[in-house]
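Structure first, commentary second.
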Amino acid sequence: MPELPEVETIARGLNNHLVNKQIVALDIRCSKIINGDEESFRRIICGLRIKRIYRYGKYLFLVLSTEVVVSIHLRMSGQLFLNGYEAIPAKHTHLDFYFKNYNKKLSYRDIRKFGRLEIISKGDISRYIRTKKLGPDALEIDSVSLSTALKSSKRPLKALLLDQSLLAGLGNIYVDEALFLAGILPFTSGNKLTGSQMEILLNAISEVLQQAIKNRGTTLSDFIDVHGKQGSNQFFMDGALY
DNA sequence: ACTTCATCCTGTCAGC
DNA sequence: TGCTGACAGGATGAAG
């Protein structure tokens, strides 16, 4: 399932190909994946240009012209990829973006239909991040914030690290990897962590994420990048489960 | 205020 | 073989 490194890989891929492309049409085959009204989603987006794409935690933001932003969360099984614009949609492909003077379309595919796309009011991303109760991005968090977040709870570390309100971006795979690399048991209570363990853990999180980004994500089941290629990080992982 | 639990959905896999 | 049921998993909102 896509976590921070996978979403980052997709963001970079989209940035390489879609900046300044003008959206001319949307083909929405399953409106469930769109938060809010399908017709207004279409009406607002069509005609706008993509200015840039970036992510925060596991959220992807498409910044469009006139300050409109599309927020995308892939959840468990969402995929975003470029496809020949005449390609027959693969099963579970729920949405296609078409662009002016571009021979590809951007497809959203999602077997489990847990992912969501929505329009954010006038580029107000920071307020959106607060609304979603997202903590600091897992790649940016400093040791003080991490200590504060973890030491104030007796919940197991695994649950704490998965909690997006404490730090945003980690999921099952990278929590397991980081804890394994740090040599800390997942059921250790947050408030039992020593200062040096905290330091080791922070370094492990950072290392695990950066390695995964370098390897263009981890494909255990269905992650693909914008070209439909699988990640390679699974071949470089140390965690006991993999 | 904090923590746990059911829900969404479909493919996969174990058991019969 | 074919069917059935359990299970996985991120975020959310309800319940404990």
Side-chain angles (χ1 to χ4, degrees), chain A residues 1-11 28-36 38 55-61 70-81 89-95 107-120 125 127-139 141 147-180 186-193 205 208-209 212 217-224 228 230-231 233-234 237 239-242:
Chain A
M1 63 250 59
E3 305 175 28
L4 187 154
E6 289 75 32
V7 180
E8 178 69 24
T9 301
I10 290 171
I28 305 173
R29 286 180 295 274
C30 173
S31 55
K32 186 173 196 94
I33 57 154
I34 290 166
N35 266 351
E38 170 187 337
R55 60 134 209 104
Y56 186 98
K58 305 177 201 170
Y59 284 81
L60 200 60
F61 297 113
V70 181
S71 151
I72 304 176
H73 197 303
L74 304 171
R75 293 280 188 106
M76 326 289 300
S77 55
Q79 300 173 330
L80 269 178
F81 54 93
K91 198 179 176 187
H92 306 302
T93 307
H94 309 305
L95 170 64
S107 295
Y108 179 77
R109 179 169 181 265
D110 190 347
I111 291 174
R112 262 155 270 189
K113 291 184 186 167
F114 282 4
R116 290 293 179 269
L117 291 84
E118 66 182 307
I119 289 176
I120 302 178
I125 294 178
R127 190 167 58 133
Y128 181 78
I129 287 170
R130 280 200 300 280
T131 311
K132 295 291 182 185
K133 298 189 173 69
L134 298 183
D137 188 85
L139 261 188
I141 193 167
S147 302
T148 313
L150 301 184
K151 283 191 172 165
S152 59
S153 171
K154 54 184 172 190
R155 290 160 72 201
L157 269 183
K158 167 122 186 199
L160 293 172
L161 294 174
L162 284 171
D163 188 336
Q164 303 298 298
S165 70
L166 301 180
L167 79 170
L170 296 182
N172 233 329
I173 296 173
Y174 296 109
V175 168
D176 287 350
E177 277 294 294
L179 286 171
F180 181 83
F187 43 80
T188 312
S189 290
N191 59 5
K192 294 268 170 61
L193 266 195
I205 291 170
V208 158
L209 293 177
T218 302
T219 301
L220 291 184
S221 53
D222 50 15
F223 169 70
I224 54 172
Q230 301 193 339
N233 193 55
Q234 62 277 14
M237 294 164 81
L241 290 175
Y242 313 108

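Below, chain A is the first sequence line, B the second, and so on; all start at residue 1. Side chains included, hydrogens not; waters and symmetry mates left out as well; all remaining heavy atoms used.
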- Item | Validation row: A/D176, A/M237 side chains within 4.5 angstrom (heavy atoms) | no

- Message: Any non-hydrogen side-chain atom of A/L157 less than 4.5 Å from a side-chain atom of A/V175?
- Response: no

- Test salt bridge (Lys or Arg N to Asp or Glu O under 4.0 Å) applied to A/K132 - qualifying residues, sequence neighbours left out: A/E118

Kindly give the atom pairs (protein nitrogen or oxygen, nucleotide nitrogen or oxygen) under 3.5 Å for nucleotides 3-7 of chain C.
none

- Item | Residues that A/I34 engages under side-chain contact (heavy atoms from CB on, under 4.5 Å), provided they are two or more places apart | A/I28, A/F41

- Message: Between A/K133 and C/dT12, is there a contact of a side-chain N or O with OP1 or OP2 at under 4.0 Å?
- Response: no

- Task: Find the distance A/D222:CG to C/dA8:P and express it as a whole number of Å.
- Result: 16 Å

- Taking atom P of C/dG9 as reference, at what distance in whole Å does atom CG of A/L161 sit? 16 Å

- Query: Under the 3.5 angstrom rule, does the side chain of A/K151 hit a backbone N or O of A/G190 as a donor-acceptor pair?
  - Reply: no

- Qualifying residues under side-chain contact (heavy atoms from CB on, under 4.5 Å), relative to A/D163, sequence neighbours excluded: A/R155, A/S165, A/L166

- Could you state the atom-to-atom distance from CG of A/N172 to P of C/dG10 in whole Å? 5 Å

- Could you tell me whether A/Q164 contacts a base, only the sugar-phosphate backbone, or nothing, with contacts defined as non-hydrogen atoms closer than 4.0 Å? sugar-phosphate

- Could you tell me the separation between the CG atom of A/L60 and the P atom of C/dA11, rounded to a whole number of Å? 14 Å

- Would you mind reporting whether A/Y56 and A/I125 have side-chain heavy atoms less than 4.5 Å apart? no

- Message: Suppose we screen for side-chain contact (heavy atoms from CB on, under 4.5 Å). Which residues come up paired with A/P2, at least two apart in sequence or across chains?
- Response: A/E6, A/V7, A/L74

- Query: Rounded to the nearest Å, what distance is computed from the CD atom of residue A/E118 to the P atom of nucleotide C/dA11?
  - Reply: 13 Å

- Not counting sequence neighbours, which residues clear ring pair (Phe, Tyr, Trp, His ring centres under 6.0 Å) with A/Y59? List them please. A/H73, A/Y128

- Message: Strictly below 4.0 Å, N to O, side chains only: are A/R75 and A/D110 in salt-bridge contact?
- Response: no

- Task: Could you check how far CZ of A/F187 sits from C1' of B/dT3, rounded to whole Å?
- Result: 20 Å

- By salt bridge (Lys or Arg N to Asp or Glu O under 4.0 Å) - contacts of A/E3 (at least two apart): none

- Those residues that, when tested against A/R29, pass salt bridge (Lys or Arg N to Asp or Glu O under 4.0 Å) (two or more places apart): A/D27, A/D96

- Query: Between atom CZ in A/R116 and atom P in C/dG10, what is the gap in whole Å?
  - Reply: 16 Å

- Item | Residues touching DNA chain C, which here means a heavy atom under 4.0 Å, drawn from residues 70-78 of chain A | A/H73, A/R75, A/M76

- Message: Rounding to 10°, can you tell me the angle the first-five-pair axis of the helix from B/dC2-C/dG16 to B/dC16-C/dG2 makes with its last-five-pair axis?
- Response: 60°

- Using the test side-chain contact (heavy atoms from CB on, under 4.5 Å), find all partners of A/S152 that sit at least two apart in sequence or belong to another chain. none

Where do N or O atoms of nucleotides 9-11 of chain B meet protein N or O atoms at under 3.5 Å, pair by pair?
residue: B/dC9; atom: OP1; partner: A/K32; partner atom: NZ; Å: 2.6
residue: B/dC9; atom: O4'; partner: A/R112; partner atom: O; Å: 3.2
residue: B/dT10; atom: OP1; partner: A/K113; partner atom: NZ; Å: 3.4
residue: B/dG11; atom: OP1; partner: A/H92; partner atom: NE2; Å: 2.6

- Item | Rounded distance (Å) that lies between atom C1' of C/dA11 and atom CD1 of A/I33 | 17 Å

- Task: Take A/V208 and A/F180 through the side chain to side chain contact (heavy atoms under 4.5 Å, CB included) test and state the conclusion after the steps.
- Result: CA-CA 10 Å; A/V208 158; A/F180 181 83; over 6 Å; no

